[in-house]
Amino acid sequence: MPVNKTKGFVMTRYPYETSEAKWQKAWEKQACFVAKDPKPGQGKSYILEMFPYPSGRLHMGHVRNYAMGDVLARYRRAKGDAVLHPMGWDAFGLPAENAAIQKGVQPKDWTYKNIASMRKQLKALGFSLDWSREFATCDQDYYHQQQKIFLKLLEKDLIYRKSSQVNWDPVENTVLANEQVVDGRGWRSGALVETRNLEQWFFRITAYAQDLLDALDGLSRWPEKVRTMQANWIGRSKGALVRFAFADEGAPDGFDEGVEVFTTRPDTLFGASFIALSPQHPLTLKLAKSKTEIDDFVKKCAQAGTSEEAIERAEKTGIDTGLSVEHPFIEGKRLPVWIANFVLMGYGTGAIFACPAGDQRDLDFARKYDLPVLPVVLPPGEAAEEYRIYDSAWVGDGRLYNSGFLNGKPVKEAIPLAISELEKLQKGKQKIQFRLRDWGASRQRYWGCPIPVIHCDSCGAVPVPEAELPVVLPDAVSFEQPGNPLDHHPTWKHTKCPICAKPAVRETDTLDTFVDSSWYFARFCSPKADAPVESAAARSWLPVDQYIGGIEHAVLHLLYARFFTRALRDCGLLDLPGGEPFNGMFTQGMVTHETYRDNEGNWLSPEEIVSDGANWKTKNGDRVHVGAIEKMSKSKRNTVDPAVIIEKYGADVARWFVLSDSPPARDVQWTEAGVEGAARFVQRVWAEVCDVAEQPVPQNQSITKGSEPLIRLTHKTVRAVSQDIETLGFNKAVARLYELMNAIRKAKEAGGEMLAARHQATRTLILLLSPFVPHLAESCWEKLGEQDLVAQTPWPVFEVELAEDDTIVIPLQVNGKRRGQLDVIAGLSKDELLDMAMKNPSVQKSIAGLEVKKVIIVPDRIINIVAA
RNA sequence: GCGGAUGUGGCGGAAUUGGUAGACGCGCUGGAUUUAGGUUCCAGUGUCUUACGACGUGGAAGUUCGAGUCUUCUCAUCCGCACCA
């Protein structure tokens, strides 16, 4: 056993290698973390971290995420709550298919193997999870329940089919995800990507748009920024639908009603200089059939990709259709009809009217194609005769001019006036428009939940009868040919129509994995139930009290889950009155690390470099270039494997470090020095406890003058750490715990008088540390002779009087500058404080020769004397 | 392009409601112990200044007795954008 002689006592190294496994076994034997339904009068806490994708290895981001949830779960348990802290696997998805293609393994085998190794890693970290409720979304039972949900939603018309665009790789004959499109080309084939239209399944999330927006106000325990992002994503705007009739030469076939556009600025109609259609607008597609230039233009746009970012960032281009429409207000005025790449088919009607003076994109477009720019809103302080638009559109407030009946009106008044005029002329109407689109959930992929629908030539899309569920994903599939393996599976898709019994084919699309993660939290309440959710269990546990995960899920996952709980409620599947799944939400930051490159610019991993004291070198002695601190990623090779850290330092050190330095919402930088620091802390606690354990257990518990500061600090720390955990301020709790430990170490020298206080402080320290470093805490607890597990010991309590300081320091300011201080007992009156302040020598010196104009006294806080 | 955030010593960060800026940790410096080194322990550590003191929270301005905190503008960096999870 390694021994170190320091200051006369023998310090034993904390043996994490043996103790961590030992305590994990003890917890499991006692079933410490198996959730039991809350008893009457008992509080409940459902603590959940976003479940991981089983990529094969745990990364530091997981460790941080689960460490946070674990601290809260262990704390709430110690406070007496019934706690549900489950774990599962978000197991469907693209990477399994990529692995299948690259390594020739079956996605199922690859996934379950990964789950097994990640489960082992999670267990090695000692998280207080209820493993009895574990499931993976690729478990047949889970997707069976999900297929039931699908059928219910379909029945309720919350799911429907429509045509929409996908990225199409013409070489691989396959649909590409946005992330598989690199610079407009397929990531494997390198072929220019096209957009194609496919019939796909959609969830009608827009049916809840208003409710999803309104309910954000009630989510007081969500980060403000997440609520804002969701509100912007839903994007409610009030505007008008305006119908532009085709001019005399006539409308194209099927467009007799003209072209309808949505606008939030009907006040600027007099400044309209053209209307523009999306490249996917029905009229565009019609025109493309007869005009090759238009067809070419549409094809070119299709290469830009389907992501909104790609469309908006692309250089603005367009083509004149040669058609023209009538201006709704100005008799005889005609506007040309263009097709423009920046008009989104997914928003509004897929067509806009352009007022270049009032919209930057319209202006850029007008300048490029030499279209008229007529200003109609006069900014405050500008003169109508002199005001010109150059390169910047004016989107702010002002008064209308050049605008007929709207002249002189401010924008706010002009908008409703314009709308009522449109309504009077029967050329338009008011419209509330949401940016939110329905959720396209079809994926042309194998490794996902099969959609329980059969396509029949006579009966159409027919739901699979519930009794015939589950539609099981076939096990052995071939990835030899490109495209969806379900589609070219020899037998799987061929079946009979449930209605007419004629030969029919199964839907070969599977569901977006976001569907899987939209209700898993509810499944944890009753993971074995024969219905998606069992209502008694859901009532016991839902909603989730604290959900923790990455900010990257701020919009999509969290919005889909909020939609799902509403949809499930309305189908009678989940009894959640408010409709909200997550009462508390927290988004944690990422784990980052320095990046390294060699002279050739190749990324180097931290294990490949060595320090010569001043600089990093490769093992060959070449220079290493230190780059930016970035999120740990495989491609930059700046990852640190948790397994390596656990091996070298133990799980507690990894947990302590990821929680210690940075605020949990912020990124934390992984550094070797920081880990060493955490390891030192663990050893110091152990050394201290070993020392305390050798002292006789003191009988006299009374407070003496010498021990009072330590006793006060102990109570103060209990209060502060409890509060820090409640508010997820883990880095602050860590700082408090360091402080208490340092005080306990100092108390060693004080000797006899401190024995009782030191013993008590040490016991308290161990309990407060236990959610963070649970294995160490158990070992320390045992060392002090305790029989019970810390995991079953209640949280310490504090006395309010002892958690407050009885003496305080009040700074004395003269003209806002600190000139001295008063050390006084708390609660003195203003007069007493003023008297003492004026007698203070430094204050007297500072105000000598000056006249006191004013004195600000904030009792127990500060005194500021204003003198001139 | 649109939307969201962040910015405080050499580094990570702390600072109820506007009230002592820099808690706590890392690093660094000096000392002690051990000594082959590491470990461990003690002390110091925002900048400038001989001192008195002055300056100091990305930058500029403002409100206030008082601003890291509030307002306006600005710069830089990061995240999301609907088929990655």
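Chain letters run A, B, ... following the sequence lines, proteins first and then strands; every chain starts at 1. All of these numbers come straight from a predicted model, not from anything done at the bench. Note that these values count all heavy atoms, side chains included, but never hydrogens, waters or copies made by symmetry.
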**Request:** Check every strand shown and say whether F514(A) touches a base, only sugar-phosphate, or nothing at a heavy-atom separation below 4.0 Å.
**Result:** base
**Prompt:** F202(A) ring centre to K162(A) NZ or CZ under 6.0 Å, with the angle to the axis within 45°?
**Reply:** yes
**Request:** Select base, sugar-phosphate, or nothing to describe what P663(A) touches, counting heavy atoms under 4.0 Å on all strands.
**Result:** sugar-phosphate
**Prompt:** Can you find a donor-acceptor pair, distance only, under 3.5 Å between Q444(A) side chain and rC83(B) base?
**Reply:** yes
**Asked** Considering only heavy atoms and no angle criterion, is a donor-acceptor pair shorter than 3.5 Å present between the side chain of R861(A) and the base of rG19(B)?
**Response** no
**Request:** Describe the nucleic acid contact of D90(A) in one word from base, sugar-phosphate, nothing, applying a heavy-atom distance below 4.0 Å.
**Result:** sugar-phosphate
**Item:** Close side-chain approach of Y53(A) to T513(A), heavy-atom, < 4.5 Å
**Value:** no
**Request:** Tell me which nucleotide among rA82(B), rG3(B), rG1(B) gets nearest to the side chain of E309(A).
**Result:** rG1(B)
**Fill in**
Intra- and inter-strand pairing of RNA chain B, written as dot-bracket with Watson-Crick and G-U pairs under 3.5 Å and | for the latter, reads (((((((..(((......[....)))((((((.......))))))(((....)))..(((((..]....))))))))))))....
**Request:** Tell me what V175(A) touches on the nucleic acid: a base, only sugar-phosphate, or nothing, going by heavy atoms under 4.0 Å.
**Result:** base
**Asked** Under 3.5 Å, side chain of T137(A) to main-chain N/O of A91(A), donor-acceptor pair present?
**Response** yes
**Message:** Go nucleotide by nucleotide along RNA chain B from the 5' end; which of K316(A) and W233(A) gets its closest nucleotide reached first?
**Reply:** K316(A)
**Nearest-nucleotide pick for Q813(A), side chain only, options being rG1(B), rC55(B), rG19(B)** = rG19(B)
**Rounded interatomic separation in angstrom, taking CG from N815(A) and P from rC65(B)** = 12 Å
**Request:** Just call it for R680(A): base, sugar-phosphate, or nothing, with non-hydrogen atoms closer than 4.0 Å on any strand.
**Result:** sugar-phosphate
**Donor-acceptor pair under 3.5 Å, Q360(A) side chain vs rC2(B) base** = no
**Prompt:** Contact class for H557(A) vs. all strands (heavy atom < 4.0 Å): base, sugar-phosphate, or nothing?
**Reply:** nothing
**Message:** Students often get this wrong, so: under 4.0 angstrom with heavy atoms, is Q200(A) touching a base, only sugar-phosphate, or nothing?
**Reply:** base
**Message:** Just to be sure I understand the rule, does V555(A) reach a base, reach only the sugar-phosphate, or reach nothing, if contact means heavy atoms closer than 4.0 Å?
**Reply:** nothing
**Prompt:** What nucleic acid atoms does S442(A) come within less than 4.0 Å of, heavy atoms only: base, sugar-phosphate, or nothing?
**Reply:** base
**Asked** Counting any heavy atom closer than 4.0 Å, what does G346(A) reach on the DNA or RNA strands: base, sugar-phosphate only, or nothing?
**Response** nothing
**Prompt:** Can you name the residues that form a salt bridge (charged side-chain N to carboxylate O under 4.0 Å, His left out) with E312(A), not counting sequence neighbours?
**Reply:** R361(A)
